[in-house]
Amino acid sequence: MANKTKKSSSSSGSSNKWGLNKVSMYTIFAVALLYVVSLILSVCGVNFKIVSALQGVATAIMIVIVAILAWRYVKPKQFVWKMLYVICLLLVVAGVIVPLVV
């Protein structure tokens, strides 16, 4: 019984160097920094394209991280799930790119 308790506590992810929680936290730090820089540039009246580009990079970082994590969930599932993943990912990319172009 003591072995089960010890095993479950070590599998909680605390021993993993780059677990999901750590990657998520550093992603939030990086994206928040990019958004703060774009906010400061916007307040200072810097060119709107630079601000939009910084916000686009921050959004792209979050999409990539979420897409990787979603693929980990979908990979062992049936083909229908994989198709749904691809369709949703294409819609997200289109939703980000089309407003920037138009």
Task: Common cluster, W71/L90, ILVMFWY with side-chain heavy-atom separation under 4.5 Å - done: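 Yes.
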Open item on the list: Let me check something: do L69 and Y26 share a hydrophobic cluster, defined by ILVMFWY side-chain heavy atoms less than 4.5 Å apart, either directly or through other members?
Closed with: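 The answer is yes; both residues are in one hydrophobic cluster.
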TODO: In sequence, state the C-alpha distance, the side-chain angles, and the governing distance for L34 and F29, and then conclude on side-chain contact (heavy atoms from CB on, under 4.5 Å).
DONE: CA-CA 9 Å; L34 285 173; F29 283 153; over 6 Å; no
Open item on the list: Within a 6.0 Å radius of atom CH2 on W81, are there more than 12 heavy atoms belonging to other residues, nucleotides or ligands?
Closed with: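 Atom CH2 in W81 is not crowded, with 12 or fewer foreign heavy atoms closer than 6.0 Å.
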- [ ] Taking all non-hydrogen atoms of both residues into account, name the closest pair between L89 and A67 and its distance.
- [x]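 What the structure gives for the nearest pair is CD1-CB, 3.9 Å.
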Open item on the list: I need the minimum non-hydrogen distance between S38 and L54, along with the two atoms involved.
Closed with: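 That closest heavy-atom pairing would be CB-CB, 3.9 Å.
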- [ ] State whether the side chain of K82 and the backbone N or O of K75 hold a donor-acceptor pair below 3.5 Å, judged by distance alone.
- [x]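 Yes, because the side chain of K82 sits within donor-acceptor range (under 3.5 Å) of the backbone of K75.
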Open item on the list: Would you compute the distance between atom CD1 of I68 and atom CD1 of I63 and round it to the nearest 0.5 angstrom?
Closed with: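 Between I68 CD1 and I63 CD1, I get 12.0 Å after rounding to 0.5 Å.
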Open item on the list: Nearest 0.5 angstrom please: I28 CD1 to L33 CG, how far?
Closed with: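 That separation rounds to 12.5 Å.
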TODO: Among Ile, Leu, Val, Met, Phe, Trp and Tyr joined by side-chain contacts under 4.5 Å, find the other residues sharing a cluster with F79 and list them by chain and number.
DONE: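 F79 clusters with M83.
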- [ ] Please tell me if the side chains of Y73 and Y85 come closer than 4.5 Å, counting only heavy atoms from C-beta onward.
- [x]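 The answer is no; the side chains never approach within 4.5 Å.
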TODO: Determine whether V57 and I61 make a side-chain contact, defined as any pair of heavy atoms from C-beta on separated by less than 4.5 Å.
DONE: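 Heavy-atom side-chain distance check passes, below 4.5 Å.
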